[in-house]
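Comments concern the structure below.
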Amino acid sequence: MSAPSAAHAPRASASEAPLIAMHGVNKWFGSLHVLRDVDLDVSRGEVVVVVGPSGSGKSTLCRVINRLEPIDSGDIHVDGRPLPVEGRALARLRAEVGMVFQQFNLFAHMSVLDNVTLGPVKVRGVPREQARRRARELLGRVGIADQADKMPARLSGGQQQRAAIARALAMDPKVLLFDEPTSALDPEMINEVLDVMTALAGEGMTMVVVTHEMGFARRAADRVVFMADGQLLEQAPPAEFFDHPRTDRARDFLSKVLAH
Ligand SMILES: Nc1ncnc2c1ncn2[C@@H]1O[C@H](COP(=O)(O)OP(=O)(O)OP(=O)(O)O)[C@@H](O)[C@H]1O
Ligand SMILES: [Mg+2]
């Protein structure tokens, strides 16, 4: 047998390579330049919290990572592979890159258990009974095992968001993206969701989290990324970012969000 050619040899550093690698990414909406030369690497097990003023491009940053939005230039790799454009490869990418939105996006006509079971059965081909067992386990992990058979509308907002997290986890994602997961919640429900996210972070889940919850950022982030006008202006460990922001934009932003 001949030795594998260099092109086909496994990458020696595959497990060291960043799980998400974005280089020179630009994105326009019409004439609006929403992502400007974005370079961002996220390592395995890393928790990156993205903060910044409204309209700075935080949601767009998340959405381009699982290709809910195409980019205009630059490149994005997930686990060493360029983002697929369409078809089965794109479906596989979406399964590997879980997303949790502000508005839960649970299917209203299905029980919580069916919401969590659907993806593994339809996309991953997991046998239904096995998927249901695992779904119950995940609902237990996010603290809502007793809500499994209800319809989503009968759950509180915090419970619905925890169901959405269980649904994302059911796909065994390599990374979870959260876009303001607590912004639609009543204040007393915010912590129950943040606690689940903090536990996931502690278990080594790779996470990119857009949030205004600065306490969570301080507690759970390995790195805080500050965005303004489509650019990543600062990246630093949370203590450094919060205590010594380097740019006027970040200082101004922090004075506003930490004031209330
Ligand atoms: N589908 C779209 N079509 C046109 N413009 C868009 C679209 N989505 C976002 N934008 C614009 O792109 C810019 C960045 O939006 P984005 O939603 O990424 O910001 P954000 O930082 O998430 O803001 P927020 O904190 O309010 O959620 C904004 O000016 C927004 O109006
Ligand atoms: Mg947003």
Side-chain angles (χ1 to χ4, degrees), residues 20 22-42 47-76 78 83 85-86 90 93-94 97-106 157-158 160-161 164-165 168 175-187 189-190 193-194 197 207-218 220-221 223-236 238 241-242 245 247-260:
I20 299 172
M22 306 177 73
H23 294 124
V25 171
N26 283 281
K27 166 80 187 167
W28 279 265
F29 284 117
S31 60
L32 193 63
H33 197 176
V34 277
L35 295 179
R36 298 171 182 251
D37 289 320
V38 167
D39 292 320
L40 179 68
D41 284 351
V42 180
V47 177
V48 172
V49 168
V50 181
V51 302
S54 180
S56 56
K58 306 180 299 295
S59 294
T60 307
L61 180 77
C62 284
R63 293 170 63 82
V64 300
I65 294 173
N66 67 356
R67 219 178 179 284
L68 288 171
E69 292 286 354
I71 58 175
D72 294 301
S73 67
D75 57 80
I76 304 177
V78 172
L83 283 198
V85 174
E86 58 187 9
L90 183 56
L93 169 86
R94 297 250 168 85
V97 180
M99 184 129 182
V100 176
F101 303 88
Q102 183 175 333
Q103 295 295 347
F104 325 141
N105 295 358
L106 294 166
Q160 288 188 55
Q161 191 59 301
I165 293 172
V175 52
L176 275 182
L177 312 176
F178 294 83
D179 189 2
E180 301 204 25
T182 60
S183 296
L185 299 177
D186 292 336
M189 292 169 190
I190 290 176
V193 171
L194 292 179
M197 292 169 60
M207 296 165 48
V208 176
V209 184
V210 177
T211 185
H212 297 294
E213 295 296 330
M214 299 299 148
F216 171 81
R218 261 192 195 271
R223 180 161 42 126
V224 176
V225 170
F226 174 69
M227 275 192 93
D229 298 328
Q231 287 180 299
L232 307 193
L233 283 192
E234 299 196 26
Q235 300 191 38
F241 174 73
F242 289 114
T247 60
D248 288 342
R249 293 296 302 270
R251 273 191 288 276
D252 178 55
F253 171 78
L254 284 174
S255 71
K256 285 176 183 146
V257 293
L258 297 175
H260 59 76

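Heavy atoms only: backbone and side chains are in, while hydrogens, waters and symmetry mates are out. In each ligand, atom 1 is the first atom listed, and ligand 1 is the first ligand listed.
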### Query
Would you say K58's side chain and P53's backbone share a donor-acceptor pair under 3.5 angstrom?
yes
### Protein-derived N, O or S atoms lying under 2.8 Å from the Mg ion (ligand 2), waters excluded
1
### Message
Students should be able to answer this: which protein heavy-atom is nearest to atom 26 (O) of ligand 1, and at what distance?
### Response
S54 OG, 2.6 Å
### Query
Counting only N and O atoms by type, is there a donor-acceptor contact under 3.5 Å from the side chain of H33 to the main-chain atoms of L35?
yes
#### Entry: Identity of the nearest option to atom 14 (C) of ligand 1, non-hydrogen atoms only, from G55, G30, A228, C62
G55
### Message
When you measure from the side chain of R223 to the backbone of Q235, do you find a donor-acceptor pair of N or O atoms at a distance under 3.5 Å?
### Response
no
#### Entry: Protein contact of atom 17 (O) of ligand 1 - nearest heavy atom, named by residue and atom, plus distance
S59 CB, 3.6 Å
### Message
Does ligand 1 come near enough to E69 that some N or O of the ligand is less than 3.5 Å from an N or O of the residue?
### Response
no
## Note on the structure
atom 1 (N) of ligand 1 has as its nearest protein heavy atom F29 CE2, 3.5 Å
### Query
For ligand 1, is there an N or O atom under 3.5 Å from any N or O atom of H212?
no
### Message
Evaluate V34 for polar contact with ligand 1, using N/O atom pairs at a separation under 3.5 Å.
### Response
no
### Query
Measuring from the heavy atoms of G52, does anything fall under 4.0 Å of ligand 1?
no
### Query
Below 4.5 Å, heavy atoms only, C-beta onward: do D37 and V25 meet side chain to side chain?
no
### Query
If hydrogens are left out, which of L68, L61, T60, V210 has an atom nearest to atom 15 (O) of ligand 1, that is, the closest non-hydrogen atom?
T60
#### Entry: Cationic tip of K256 above F253 ring, under 6.0 Å, 45° of axis
no
### Summary
L32 heavy atoms within 4.0 Å reach ligand 1 at atoms 11 (C), 12 (O), 29 (O)
## Note on the structure
the protein heavy atom lying closest to atom 27 (O) of ligand 1 turns out to be E180 OE2, 3.6 Å
### Query
Does R251 reach the main-chain N or O of P245 with its side chain, forming a donor-acceptor pair under 3.5 Å?
yes
### atom 25 (O) of ligand 1 - nearest protein heavy atom and its distance
K58 NZ, 2.7 Å
### Task
Flag the pair D252 and R249 as a salt bridge only when some basic side-chain nitrogen lies within less than 4.0 angstrom of an acidic carboxylate oxygen.
no
#### Entry: Flag, side chain of E69 to backbone of T60, donor-acceptor distance under 3.5 Å
no
### Query
Of all the non-hydrogen atoms in the protein, which one sits nearest to atom 19 (O) of ligand 1, and at what distance?
G57 N, 3.3 Å
